[in-house]
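Indexing begins at 1, ligand by ligand and atom by atom, following the structure's order. Predicted model only: the values in this text are computed from it and were never measured.
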Amino acid sequence: MNDTRKKIVAGNWKMNLSLQEAQSLTAELIGMIQDEKHNACEVFLFPPFVYINTINKQIQDNPIQVGAQNCADQLSGAYTGEVSVSMLNSIGANAVLIGHSERRTYYHESNQTCATKINLAIQHNIIPFYCIGETLNERNANQQFEIIEKQLNDGIFHLSAEDFSKCVIAYEPVWAIGTGLTASPEQAQEMHAFIRSKIADKYSMEIAQKVSILYGGSCNDQNAKELFALTDVDGGLIGGASLKSRNFMNIINAI
Ligand code: 13P
């Protein structure tokens, strides 16, 4: 862990929880954060679209930020079922996950689509959390570095240095998501350092040292401390373990 970078623990609730469950989870978290949080890490919640407004109002002045799990690649118009960054902005969301592996796999989102969404998010003052990661087949074929480099080149490296500095990167190896197979500390550190070196090559060492790179994929309250202690890991993007307040709070406290 490097003390000069912003530390972040983010909960991606995916397509889980009723509104009542989401509100209870948020209420519990608010209480725990008020009572127990003693570190400077930033906490983000990514609820399903339909709960964002309610959860955001519930949070009030508590130090939790709320974002969306996706956004449209258009700003407005006849795109039935889509939600734009300007809509997210109008309900107080200040971050958005872009390029999550589930969106890439099930909804065929390409690096180019991600690039468009990232541009829209930045134009509307919404922080893009750009998610990248290789599949198990790609890792078995030793292609993980190539894949990650392409996701960076085609998805986010078109940004100016100023805009890139507003983004967060989340490395989520697809084979670790929801499987209980966490990347080993060696695998996580190796890839995070690789990502940071590519940012330094593209922009500058200064920018590379400032950008937060989160780890995601079966991160839980048993392994978070070890992962967060790694030099180039600046926090976590948590799926399953963010659905229980105690587990998520333990992860926040692991920073
Ligand atoms: P899990 O923590 O459930 O493996 O999910 C990680 C993830 O996809 C977060 O975006």
Side-chain angles (χ1 to χ4, degrees), residues 7-17 21-22 25 29 41-49 51-52 55 64-71 88 93-107 109 114 117-118 121 126-136 138-139 144 147-148 151 155-156 167-185 187-188 191-192 195 212-228 230 233-255:
K7 304 290 174 267
I8 297 171
V9 173
N12 173 10
W13 293 351
K14 308 192 180 184
M15 197 171 73
N16 292 299
L17 308 173
E21 288 166 341
L25 172 58
L29 265 177
C41 103
E42 294 192 11
V43 178
F44 283 79
L45 298 179
F46 291 92
F49 283 132
Y51 305 154
I52 292 174
I55 300 299
I64 303 176
Q65 300 176 64
V66 181
Q69 298 171 17
N70 181 31
C71 64
L88 294 176
N94 75 344
V96 62
L97 301 182
I98 290 175
H100 191 281
S101 76
E102 289 147 20
R103 304 272 344 148
R104 292 178 189 262
T105 305
Y106 305 136
Y107 305 98
E109 289 191 7
C114 294
K117 293 182 177 190
I118 288 175
I126 295 197
I127 306 165
F129 280 51
Y130 181 47
C131 305
I132 55 179
E134 81 286 355
T135 63
L136 187 58
E138 289 160 350
R139 182 163 278 267
Q144 64 271 31
I147 294 293
I148 293 295
Q151 290 173 338
I156 200 168
C167 300
V168 172
I169 307 285
Y171 170 58
E172 302 203 296
V174 181
W175 47 271
I177 297 179
T179 57
L181 291 175
T182 320
S184 69
Q187 287 170 324
M191 187 57 87
H192 281 235
I195 294 167
S212 298
I213 307 177
L214 313 185
Y215 171 80
S218 298
C219 184
N220 57 41
D221 60 356
Q222 302 300 305
N223 57 31
K225 210 173 181 63
E226 194 176 19
L227 288 162
F228 295 168
L230 299 167
V233 174
D234 305 308
L237 179 53
I238 318 300
S242 72
L243 298 172
K244 294 259 160 33
S245 56
R246 186 66 266 163
N247 292 355
F248 191 58
M249 191 64 211
N250 289 347
I251 298 172
I252 292 169
N253 285 334
I255 286 259

I'd like to know if the side chain of [X] reaches the main chain of [Y], judged simply by a donor and an acceptor atom lying under 3.5 Å from each other, with no hydrogens or angles considered.
{"X": "Y130", "Y": "C114", "value": "no"}
{"X": "D221", "Y": "I251", "value": "no"}
{"X": "T105", "Y": "E102", "value": "no"}
{"X": "N223", "Y": "S218", "value": "yes"}
{"X": "E172", "Y": "G133", "value": "no"}
{"X": "R104", "Y": "G99", "value": "yes"}

Are any of the heavy atoms in S242 under 4.0 Å away from ligand 1?
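Judged by the 4.0 Å heavy-atom criterion, S242 does not count as contacting ligand 1.
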Does ligand 1 have any atom that is closer than 4.0 Å to a heavy atom of G217?
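Heavy atoms of G217 do come under 4.0 Å of ligand 1.
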Indicate the ring-plane relationship of Y215 and H192, choosing parallel, tilted or perpendicular according to the 30° and 60° boundaries.
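Ring orientation, 0 to 90° scale: tilted.
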Just verifying a value: how many Å separate Q65 CD and E42 CD, rounded to the nearest 0.5 Å?
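If I round to the nearest 0.5 Å, the distance is 5.0 Å.
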Taking both backbone and side-chain atoms of N12, is any N or O found less than 3.5 Å from an N or O belonging to ligand 1?
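N/O-N/O distance under 3.5 Å: yes.
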If you measure every N/O of A241 against every N/O of ligand 1, is any gap under 3.5 Å?
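Min N/O separation from ligand 1 is not below 3.5 Å for A241.
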To check your reading of the model: name the closest protein heavy atom to [atom], its residue, and the distance in Å.
{"atom": "atom 9 (C) of ligand 1", "result": "E172 OE2, 2.8 Å"}
{"atom": "atom 5 (O) of ligand 1", "result": "K14 NZ, 3.2 Å"}
{"atom": "atom 3 (O) of ligand 1", "result": "G240 N, 2.8 Å"}
{"atom": "atom 2 (O) of ligand 1", "result": "G239 N, 2.9 Å"}

Select one of side chain, backbone, both or neither to describe which atoms of A170 lie under 4.0 Å from any atom of ligand 1, heavy atoms only.
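It is neither part, as no heavy atom is under 4.0 Å.
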Going by the atom numbers of ligand 1, which of them fall below 4.0 Å from some non-hydrogen atom of A176?
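Close to A176: 4 (O).
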In ligand 1, which numbered atoms sit nearer than 4.0 Å to a non-hydrogen atom of H100?
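Going through ligand 1 atom by atom, the ones under 4.0 Å from H100 are 7 (C), 8 (O), 9 (C), 10 (O).
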